[in-house]
Every structure is written in structure tokens, then in C-alpha cells.
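Structure first, commentary second.
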Amino acid sequence: MAEAEVVAIGTGSAAEAVADLLDRVVHRGAVVTGDVIISLAGIDLVRLDLRLLLLGLEE
């Protein structure tokens with residue numbers, strides 16, 4: 001089982017918190033999915049299936 005991490009909340013600026021969050025997500029990897037449907041009068045004209053893989057690579 002993975003170890004739990006302790007995260008301090010309320011320290012540093014908001015920019016640092018966002019940067020730290022993105023660093024953790026990219027380090028561990030994440031998949032973001034979504035759908036966009038453009039329709040007119042109840043008829044689907046365009047459908048986009050979006051998938052984004054965030055992954056950090058080490059050289």
C-alpha cells in the first residue's frame with residue numbers, strides 16, 4: 001500500500017500552490033477526458049472526444 005503524504009495548506013502564495021499541484025500531477029501521471037458536442041436544433045453537428053495524458057519523463 002502507498003504511503004500517505006502530508007500536505008500543508010495555507011502556506012505560500014496561490015501561484016506556488018498551483019505549481020506544486022501541477023508538479024505532483026505530472027510526476028504521478030494523470031488522464032483528463034472530455035466531450036464537446038456542437039448541435040443545432042437538436043441535431044449533433046460536431047462531436048469531439050478529448051483525451052489528455054499528463055506524464056513526466058526523466059532523461
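Because the structure is a prediction, the values reported are computed rather than measured.
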- Residue pairs passing the side-chain hydrogen bond (donor to acceptor under 3.5 Å, both in side chains) test with at least one member in residues 36-47, sequence neighbours excluded, are Arg47-Asp49
- Hydrophobic cluster partners of Leu22 (side-chain heavy atoms under 4.5 Å): Val18
- Task: Quick one: list whatever passes side-chain contact (heavy atoms from CB on, under 4.5 Å) with Leu50, sequence neighbours left out.
- Result: Val36, Leu48
- Query: Can you list the residues that meet the side-chain contact (heavy atoms from CB on, under 4.5 Å) rule with Thr33, with sequence neighbours excluded?
  - Reply: Val31, Arg51
